[in-house]
Amino acid sequence: MQMITWSLAARAGGRVWKRKDYNNNHVLSPDVFEISHFHMDVLSPDCVLITYHLMNHTAEKKTLRSSIWRKREEKWRLFFHQGTVTDDDQ
């Protein structure tokens, strides 16, 4: 398992807040994330499905994540992403 510190941006109400959006009156503290159960399924030579669990230790929230990546013009690009909050330990 790998521990990750997220300090570049935070999501709130569908909007992404970046460090430059805050002034001296606000503190942007990093959240600590843990990724587990990472798995990749090759759907075709130019398309993969990625699934993983993401635990935000700072907010004490666990989400199940999935994304579909497609290769276009020799670059992998995110085509679809979903995160679902869960209380499940698996």
Side-chain angles (χ1 to χ4, degrees):
M1 287 187 250
Q2 182 180 10
M3 301 298 280
I4 298 173
T5 300
W6 178 264
S7 60
L8 297 178
R11 285 198 175 272
R15 186 172 191 280
V16 176
W17 295 90
K18 297 183 180 179
R19 188 174 296 277
K20 67 179 182 173
D21 297 326
Y22 288 84
N23 58 29
N24 292 333
N25 297 327
H26 296 89
V27 176
L28 180 60
S29 60
D31 284 359
V32 177
F33 290 95
E34 178 182 349
I35 296 174
S36 64
H37 299 84
F38 186 90
H39 183 76
M40 180 177 69
D41 287 301
V42 177
L43 304 177
S44 72
D46 62 351
C47 187
V48 296
L49 169 66
I50 305 293
T51 57
Y52 59 96
H53 297 191
L54 183 66
M55 178 64 192
N56 180 333
H57 289 285
T58 306
E60 297 182 3
K61 184 187 300 185
K62 182 176 183 180
T63 54
L64 306 177
R65 303 289 177 131
S66 63
S67 56
I68 296 175
W69 291 80
R70 297 190 315 185
K71 191 173 185 181
R72 297 287 184 258
E73 300 173 1
E74 300 304 313
K75 294 181 183 177
W76 286 97
R77 300 179 188 268
L78 182 63
F79 175 72
F80 170 82
H81 179 77
Q82 179 175 346
T84 304
V85 177
T86 183
D87 292 329
D88 192 9
D89 290 333
Q90 296 184 23

State the [atom1]-[atom2] distance between [X] and [Y], to the nearest 0.5 angstrom.
{"X": "His53", "Y": "Lys62", "atom1": "NE2", "atom2": "NZ", "value": "5.5 Å"}
{"X": "Phe38", "Y": "Thr51", "atom1": "CZ", "atom2": "OG1", "value": "8.0 Å"}
{"X": "Thr86", "Y": "Lys61", "atom1": "OG1", "atom2": "NZ", "value": "12.5 Å"}

With a 4.5 Å cut-off on side-chain heavy-atom distances among I, L, V, M, F, W and Y, is there a chain of contacts connecting Met55 to Ile50?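 Met55 and Ile50: separate clusters.
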
Shared hydrophobic cluster, Ile35 / Ile68 (ILVMFWY, side-chain heavy atoms < 4.5 Å):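 No, separate clusters.
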
Show me, pair by pair, the donor-acceptor contacts under 3.5 angstrom made by side chains of residues 74-82, not counting sequence neighbours?
| from | atom 1 | to | atom 2 | distance (Å) |
| --- | --- | --- | --- | --- |
| His81 | ND1 | Ser66 | O | 3.3 |
| His81 | NE2 | Arg65 | NH1 | 3.3 |
| Gln82 | NE2 | Thr84 | OG1 | 3.2 |

side-chain hydrogen bond (donor to acceptor under 3.5 Å, both in side chains) partners of Asn56, counting only residues at least two apart: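 Expected list: Asp31.
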
